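Notes to accompany the following structure.
Since the structure is predicted, the reported quantities are computational estimates derived from the model, not experimental observations.
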Amino acid sequence: MLSPTTSFADVECDTMVEDSRKNEFLNEKIEELGTLVSETNNRLSDFEAENVLLKTQLDESQKLNVINAEEISEMTEVNDKAKAKATNLKDQFDEAKKVLVLLKFQLDESKQLIDTKSQEIS
């Protein structure tokens, strides 16, 4: 109940003051939220820019990986050919050693034969 000294104008004025305070509080909160939204949008823009940069770096790295893989493949092919050639040369060398051993054996036999014939002639 209203006290006998309180008028409707006083109550209305108090209500208006209270409403004004509520509006002021709400406006402050709305401003804070607006600042937070703005900061969040700025951070989001920064993250998006960083994401674009990282994506570009990833693409470049992947291109370099493909180039490196191709170079490694080519080097492996050259290496395999060199190994095959080295194996072939080793086989030829081993065969030449066998021929040399055989020729030395034949030479020794020929020397013995010559020595034998020389002794027979003497």
Side-chain angles (χ1 to χ4, degrees):
M1 285 272 157
L2 295 175
S3 68
T5 58
T6 305
S7 69
F8 282 109
D10 289 338
V11 170
E12 190 174 314
C13 184
D14 286 346
T15 303
M16 288 176 62
V17 168
E18 190 174 322
D19 286 347
S20 176
R21 286 185 189 150
K22 286 179 184 178
N23 284 339
E24 199 175 302
F25 175 78
L26 290 174
N27 285 334
E28 287 175 11
K29 291 301 174 185
I30 289 170
E31 188 176 325
E32 287 175 14
L33 287 174
T35 301
L36 284 173
V37 167
S38 178
E39 289 173 0
T40 301
N41 285 337
N42 288 339
R43 289 182 68 193
L44 179 61
S45 293
D46 292 344
F47 287 141
E48 287 172 343
E50 185 177 1
N51 188 33
V52 167
L53 175 65
L54 292 173
K55 175 75 169 109
T56 301
Q57 290 174 348
L58 176 63
D59 290 345
E60 289 300 315
S61 293
Q62 288 173 335
K63 287 176 188 176
L64 286 174
N65 284 345
V66 167
I67 291 170
N68 288 339
E70 289 171 355
E71 287 177 357
I72 288 171
S73 178
E74 289 172 8
M75 293 169 89
T76 301
E77 187 177 328
V78 167
N79 188 40
D80 290 345
K81 287 179 182 178
K83 282 181 182 178
K85 190 171 187 175
T87 300
N88 187 335
L89 289 172
K90 184 184 179 309
D91 291 345
Q92 289 177 9
F93 178 74
D94 290 344
E95 190 63 32
K97 280 179 17 181
K98 289 176 186 176
V99 169
L100 179 62
V101 167
L102 181 62
L103 289 174
K104 281 184 179 180
F105 178 75
Q106 288 176 346
L107 180 62
D108 288 343
E109 283 185 344
S110 295
K111 281 182 182 177
Q112 281 180 344
L113 186 63
I114 290 172
D115 286 345
T116 304
K117 293 288 182 183
S118 292
Q119 286 177 359
E120 287 178 3
I121 294 176
S122 309

Any pair counted as side-chain hydrogen bond (donor to acceptor under 3.5 Å, both in side chains), so long as it reaches residues 54-68, sequence neighbours left out: K55-D59
Sequence-distant partners of [X], side chain to side chain contact (heavy atoms under 4.5 Å, CB included), two or more places apart:
X: E109; value: F105
X: E50; value: F47, L54
X: T76; value: I72, D80

Of all pairs that satisfy salt bridge (Lys or Arg N to Asp or Glu O under 4.0 Å), the ones with a partner from residues 111-122, not counting sequence neighbours: none
Residue pairs passing the salt bridge (Lys or Arg N to Asp or Glu O under 4.0 Å) test where at least one lies in residues 26-47, sequence neighbours excluded: K29-E32
Going by salt bridge (charged side-chain N to carboxylate O under 4.0 Å, His left out), name the residues that satisfy it together with [X], two or more places apart in sequence or in a different chain.
X: K81; result: E77
X: K83; result: none
X: K22; result: E18
X: D94; result: K90

Other cluster members, V99 - Ile/Leu/Val/Met/Phe/Trp/Tyr, side-chain contacts below 4.5 Å: L103
Under the side-chain hydrogen bond (donor to acceptor under 3.5 Å, both in side chains) test, residues paired with N88 that sit two or more places apart: Q92
Backbone of A69 reached by a side-chain donor or acceptor of S73 within 3.5 Å: no
Distance (rounded to the nearest 0.5 Å) between L26 CG and D19 CG: 10.5 Å
Separation of Q112 CD from I114 CD1 (nearest 0.5 Å):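 It is 11.0 Å, given to the nearest 0.5 Å.
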